[in-house]
Undergrad: 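I'd like to ask you about the structure that follows.
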Amino acid sequence: MMSAVYRKEMRQYFHSVIGYVFHAIFLFINAFYFLMQNLLPRSGDITDYFQATITLEMFLMPMLTMRSFSEEKKQKTDLLLYTMPVDCRHVVLAKFLAAESMLLLGLAATLAFPIILALCGSVQVWITLGNYVGIILLMSTFIAVGIFVSALTENQIVSAIISYVLIFVLWYSYGLGAAIQNPVLLSLFNKLSLMQLYYELALGILNPAGIALNLAITAIFLLLTTAVVRGRRG
């Protein structure tokens, strides 16, 4: 039954404009910055391209998640989900994997860019790999955040706005921590900074503790979503 929910979610992405609009914007952003950062200046340094696109990409994630549960509640189709013989965890995971699949489809298309650089002479393999791993980890967390928020409200716009706020806090917690005088809170904010984790991976630095933290935050939001859905099912 989990596969049935997954297929339904994927059909909804492509039977509405959301899937097409998401990929159109995603690919436009990536193509534009690859052109500006690499092709026009004839630069083989792919780091600037990734750093230019990452912030814009993360704010596209609520586009994928804002309707996950909000639309179900608005159209009253959530009652069907709650009565299906499928565990709440599987419902949440299916919706997460569907949004993740949309992200991976977009990223797969951008693999053409490092291939172009390789054909032109050079590509920074470990830097490129680290950036892709970092993007997948980071966006997976933001997808989990968006799905959780979507489970709390039936208004898609409210869902998107709250998701943006939480994404901003998780991403900029390193900068927020710098403004706090309390050393304990400063240390906590810095350790929770997803920005710091991403830039470590972007430089090719593999930090197991940072990766585990990212995965843990993703898992926590998925568990919270499951608890909300289970509470509504009663």
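Keep in mind that this is a model prediction, so the values were computed, not measured. Count residues from 1 along the sequence.
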Undergrad: Is there a chain of hydrophobic side chains (I, L, V, M, F, W, Y, each step under 4.5 Å between heavy atoms) that links F26 to I116?
TA: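 In one cluster: yes.
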
Undergrad: State, with a plain yes or no, whether a side-chain heavy atom of P62 is found less than 4.5 Å away from one of I167.
TA: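 Yes, their side chains come closer than 4.5 Å.
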
Undergrad: Is the backbone of G146 close enough, under 3.5 Å, to the side chain of S150 for a donor and an acceptor to pair up by distance?
TA: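 Such a contact is absent between S150 side chain and G146 backbone.
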
Undergrad: Using the rule given for side chain to side chain contact (heavy atoms under 4.5 Å, CB included), can you reason through Y49 versus N131, listing the C-alpha separation, both sets of side-chain angles and the distance that settles it, and then say yes or no?
TA: CA-CA 10 Å; Y49 152 70; N131 272 281; over 6 Å; no

Undergrad: Taking all non-hydrogen atoms of both residues, which atom of R230 and which atom of C88 are closest, and how far apart?
TA: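 So the two residues come closest at CA-SG, 3.7 Å.
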
Undergrad: Less than 4.5 Å apart, side chain to side chain, heavy atoms only: is that true for M139 and I54?
TA: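 With C-beta onward as the side chain, the pair touches.
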
Undergrad: List the atom of V5, the atom of V91, and the distance in Å for their closest heavy-atom pair.
TA: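 Shortest heavy-atom separation between V5 and V91 comes out as CG1-O, 4.2 Å.
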
Undergrad: Check L35 against P41 and note the closest heavy-atom contact, atom names and distance.
TA: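 What the structure gives for the nearest pair is O-CD, 3.9 Å.
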
Undergrad: To the closest 0.5 Å, what do you measure between CG (L64) and CD (E9)?
TA: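 Atom-to-atom, L64:CG and E9:CD are 11.0 Å apart.
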
Undergrad: Can you find a heavy atom in the side chain of L170 that is under 4.5 Å from one in the side chain of F142?
TA: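 A side-chain contact under 4.5 Å exists here.
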
Undergrad: With the side chain counted from C-beta on, respond yes when F148 and S163 share a heavy-atom pair under 4.5 Å apart, and no when they do not.
TA: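 Not in contact.
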
Undergrad: Membership question, hydrophobic clusters at under 4.5 Å side-chain separation (ILVMFWY): are F168 and I157 in the same one?
TA: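 Unlinked, I157 and F168 end up in two clusters.
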
Undergrad: Where do Q37 and Q51 land on the side chain to side chain contact (heavy atoms under 4.5 Å, CB included) test, with the steps shown first?
TA: CA-CA 10 Å; Q37 300 291 343; Q51 291 185 355; over 6 Å; no

Undergrad: According to the interplanar angle, ranging from 0 to 90°, do the rings of Y164 and F59 count as parallel (below 30°), tilted (30 to 60°) or perpendicular (above 60°)?
TA: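 Aromatic pair Y164/F59 classed tilted.
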
Undergrad: Once you round to the nearest 0.5 Å, how far does CG of N30 lie from CG of L56?
TA: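 That separation rounds to 9.5 Å.
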
Undergrad: Looking at Q124, is its backbone amide N or carbonyl O close enough to the side chain of T128 to form a donor-acceptor pair, meaning the two atoms are under 3.5 Å apart?
TA: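 Such a contact is found between T128 side chain and Q124 backbone.
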
Undergrad: Indicate if I115 and W126 have the same hydrophobic cluster label, given that clusters are the connected sets of ILVMFWY residues with side-chain heavy-atom separations under 4.5 angstrom.
TA: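 No, no single cluster joins them.
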
Undergrad: Output the distance between atom CD1 (I143) and atom CE (M102), rounded to the nearest 0.5 Å.
TA: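 Going from CD1 on I143 over to CE on M102, the span is 10.0 Å.
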
Undergrad: Any side-chain donor-acceptor pair under 3.5 Å between N214 and Y198?
TA: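 Checked: N214/Y198 side chains show no N/O donor-acceptor pair below 3.5 Å.
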
Undergrad: Between T53 and F34, is any pair of side-chain heavy atoms under 4.5 Å apart?
TA: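 Heavy-atom side-chain distance check fails, nothing below 4.5 Å.
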
Undergrad: I need the H90 NE2 to S3 OG distance, nearest 0.5 Å.
TA: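 One gets 11.0 Å once the value is rounded to the nearest 0.5 Å.
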
Undergrad: Any side-chain heavy atom of L197 within less than 4.5 Å of one from L213?
TA: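 Result no, sub-4.5 Å side-chain heavy-atom pair not found.
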
Undergrad: Is any side-chain heavy atom of I29 closer than 4.5 Å to one of L60?
TA: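 Result yes, sub-4.5 Å side-chain heavy-atom pair found.
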
Undergrad: Could you go through T218 and S140, starting from their C-alpha distance and side-chain angles, then the distance that decides it, and tell me whether this counts as side-chain hydrogen bond (donor to acceptor under 3.5 Å, both in side chains)?
TA: CA-CA 7 Å; T218 302; S140 296; 6.0 Å; no

Undergrad: Does the side chain of F113 come within less than 4.5 Å of N38's, by heavy atoms?
TA: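 SC-SC contact between N38 and F113 ruled out.
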
Undergrad: Between D45 and T47, do the side chains contain an N or O donor and an N or O acceptor separated by less than 3.5 Å?
TA: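 Their side chains do contain a donor-acceptor pair, which is all the 3.5 Å distance test asks for.
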
Undergrad: Could you check, using the six-membered ring where one of them is a Trp, whether Y132 and F50 have ring centers closer than 6.0 angstrom?
TA: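 Distance test on ring centres: under 6.0 Å, yes.
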
Undergrad: Side chain to side chain contact (heavy atoms under 4.5 Å, CB included) between M63 and V21: does it pass, once the steps are laid out?
TA: CA-CA 9 Å; M63 183 184 295; V21 170; 4.1 Å; yes

Undergrad: With a 4.5 Å cut-off on side-chain heavy-atom distances among I, L, V, M, F, W and Y, is there a chain of contacts connecting M195 to I205?
TA: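 No, because M195 and I205 fall into different hydrophobic clusters, even though each may have its own neighbours under 4.5 Å.
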
Undergrad: Kindly indicate whether a cation-pi arrangement holds for R11 with Y6, taking the cut-offs as under 6.0 Å to the six-membered ring centre and within 45° of the axis.
TA: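 No, R11 does not sit over the ring of Y6.
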
Undergrad: Enter the distance from L138:CG to I135:CD1 here, rounded to the nearest 0.5 Å.
TA: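 It is 8.5 Å, given to the nearest 0.5 Å.
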
Undergrad: Check for me, please, whether I147 and L105 land in the same ILVMFWY cluster - side-chain distances under 4.5 Å, paths through other members count.
TA: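 I147 clusters together with L105.
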
Undergrad: So, the side chain of S43 versus the backbone of L39: is there a donor-acceptor pair under 3.5 Å, distance only?
TA: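 Answer holds: no.
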
Undergrad: Looking only at heavy atoms, which two atoms of P208 and L206 are closest? And how far apart?
TA: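 Looking at all heavy atoms of both residues, the closest pair is CD-O, 3.4 Å.
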
Undergrad: Identify whether the distance between the nearest side-chain nitrogen and carboxylate oxygen of E100 and K95 falls below 4.0 Å.
TA: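 Salt bridge between E100 and K95, a charged N being under 4.0 Å from a carboxylate O: no.
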
Undergrad: Assess the residue pair H23 and Y13 against the criterion (side chain to side chain contact (heavy atoms under 4.5 Å, CB included)); give the C-alpha distance rounded to whole Å, side-chain angles, the decisive distance to 0.1 Å, and a yes or no.
TA: CA-CA 11 Å; H23 281 130; Y13 278 128; over 6 Å; no

Undergrad: If you look at every heavy atom in Y33 and A52, which pair is closest and at what distance?
TA: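 Y33 and A52 have their closest heavy atoms at CD2-CB, 3.4 Å.
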
Undergrad: With rounding to the nearest 0.5 Å, note down the distance linking CG in L166 to OG1 in T141.
TA: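 It comes to 12.5 Å.
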
